[in-house]
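Read through the structure below, which is laid out as structure tokens, and then see the notes.
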Amino acid sequence: MFDQYIVCEENFRTRDDGRPGGVVEVRMPYYRGLRLSMVEAVDLTLDGTPIPAERTTFTVHGNTYTFDRMPGVVDDRWEFGERAELAFETDEPLPAGEHEVTVAVRLRLSYMPVPGGGRGTKTLTLAAV
Amino acid sequence: MSEPEHRIKRGVSCYSFQEEVFLRTLSLEDCVRVCSELGAYGVEIIPEQSLPHFTDLSDEFVATWFGWMEKYGTTPTATNSYLDTWLHRGRWMSLEDQIASIRTDIDVAVRLGFPIVKATVNTSPAVMEGAAPYAEEKGVQLLIEVHAPFHYEHPWILQHLEVMHRTQSPALGLMPDMMTFVERFPRVVSERALRDGANPQIVDYIVKTYDDHGDTHALMDITNYMGGGPREFELARVAAHYIWTDPRKMLDHMPLIRHIQAKFYEMVVDETGADVEYSIPYDRIIPILVEGGFDGYLSSEYEGNRHIQDAYPVDSVDQVRRQHAMFRRLLGDPVESTLVPA
């Protein structure tokens, strides 16, 4: 329902820790916040290549999680409209310029018999360092 | 012709402003102020949408909340609870934990002065029965929503009614969502499907089947036979989800109906220049509520944003304003705002 807002245009950047890769800000396509255990996946595809979940981390309001931990997190939330940071690692540093970023969010919504969530794609520009 | 007497009150669910709140162009205080400006003094919220850090409420926030109610002359009407029965992957929540979840929602409502908690329609009759004593103790109404595809004769709702009639709990009741009275397929939904590339012939077929109140059960199959794909299947699924029921069915249950979610998709102007809803015949629904003696809130639930945001600017405040212009006309309340906030 908010698919077009999943990928944020702003703040696409290289990683803060200097390792090759980047950070993209993402929002949940749903009309309320959810405990993180119900976020089944936040899958990233960069320039047509899927990035494995184990090479990504997820940060909400300063708290960082790996996706293998997320199913057990019931005391933290991805708030409604909150910009989470999806950090990812790549083999080589990302070149400056345009990149096609696709993010697919899958949510476990108890009142629905099928997965919730959505998918968005945007072309984002990485500034030259 | 004199207007029939009634005690129906007007309000808004902040769900209506989800587009603007999501994008941070309206704050929660803005939503409350808009309700007041529209003379719709009843404020409904989804705590998990409106309140960060749910379920932790600071004393400071609670004081701010009641400050807004006083400043804007508004009243808390209802919260919406969600029962996350699949909170844990692969492990269905126990009955005890489901009841505990509802008790927590009741606690949040009480803290912020809400007298009603909506139980989302997936809440089972056993959970309602188990949570009723706590709701009674806290002086809160726990109302199951009657939401499409369910209706007043569906077994799921009949089971809920059985609990209400057997226990006679004063805390239990119904919260009808007006999406059970979608007489005509919402235009914003089919037009979005067309913009997304759905086959116009199949879209026409689905809309016509719905508008003729034909059999929607086989629409997924027929769509497949017509060569449809995922976009057409989604529209067919939605057409099988909306329902049209005779609004007079509510008259059999009026003592249990204590709050109305006034769902709407698109306000349009009719041939007389009056604001009307494209799909839902409020001009026939509201007289039934008056006839039944309903004295709760008509609480706006605008849901058109998600269907138009790809192509048009969303102005949820204007849509809600127009829905309330319609309510004022149908309720015989000519005054935009009857109470001027200090």
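Note that this is a predicted model, so its numbers are computed, not measured. Chain A is the first sequence line, chain B the second, and so forth, proteins listed ahead of strands; every chain is numbered from 1.
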Here the gap from A/Asp75 atom CG to B/Asp56 atom CG, rounded to the nearest 0.5 Å, amounts to 10.0 Å
Less than 4.5 Å to any heavy atom of chain B: does that hold for the side chain of A/Met70, its backbone, both, or neither? neither
Are any of the side-chain heavy atoms of B/Thr55 and A/Arg77 separated by less than 4.5 Å? no
For a quick test of reading the model, state the closest non-hydrogen atom pair linking A/Gly81 to B/Arg24 and the distance between them. C-NH2, 3.4 Å
If only side-chain N and O atoms count, and only distance matters, is there a donor-acceptor pair under 3.5 Å linking B/Glu19 with A/Tyr5? yes
Report the option among B/Gln18, B/Met93, B/His307 that has the most heavy-atom pairs separated by less than 4.5 Å from atoms of chain A. B/Gln18
Hey, are the side chains of B/His88 and A/Val74 touching, using non-hydrogen atoms and a 4.5 Å cut-off? yes
Ring of B/Tyr82, cation from A/Arg32 - is the NZ or CZ under 6.0 Å from the centre and inside 45° of the axis? yes
In Å, rounded to the nearest 0.5 Å, how long is the span from CE of A/Met112 to CG of B/Asn122? 11.5 Å
About how many Å separate CG of B/Asp84 and CE of A/Met38, when rounded to the nearest 0.5 Å? 3.5 Å
Of B/Gln49, B/Glu48, B/His53, the residue whose pairing with A/Glu79 passes side-chain contact (heavy atoms from CB on, under 4.5 Å): B/His53
Between B/Tyr302, B/Tyr15, B/Phe22, which is the residue that forms a ring pair (Phe, Tyr, Trp, His ring centres under 6.0 Å) with A/Tyr31? B/Tyr15
Under the criterion side chain to side chain contact (heavy atoms under 4.5 Å, CB included), I'd like the reasoning laid out for B/Arg306 against A/Phe2: C-alpha separation, chi angles, the key distance, then a yes or no. CA-CA 7 Å; B/Arg306 64 182 66 166; A/Phe2 291 116; over 6 Å; no
B/Leu87 versus A/Arg108, closest heavy-atom pair with distance: O-NH2, 2.9 Å
Under 4.5 Å from any heavy atom of chain A, what part of B/Asn80 do you find: side chain, backbone, both or neither? neither
Using 0.5 Å steps for rounding, measure from the NE2 atom of B/His147 to the OH atom of A/Tyr111. 8.0 Å
Which region of B/Thr85, side chain (C-beta onward) or backbone (N, CA, C, O), has a non-hydrogen atom less than 4.5 Å from a non-hydrogen atom of chain A, or is it both or neither? both
Side chain proximity check, B/Leu83 to A/Ser110, heavy atoms < 4.5 angstrom: no
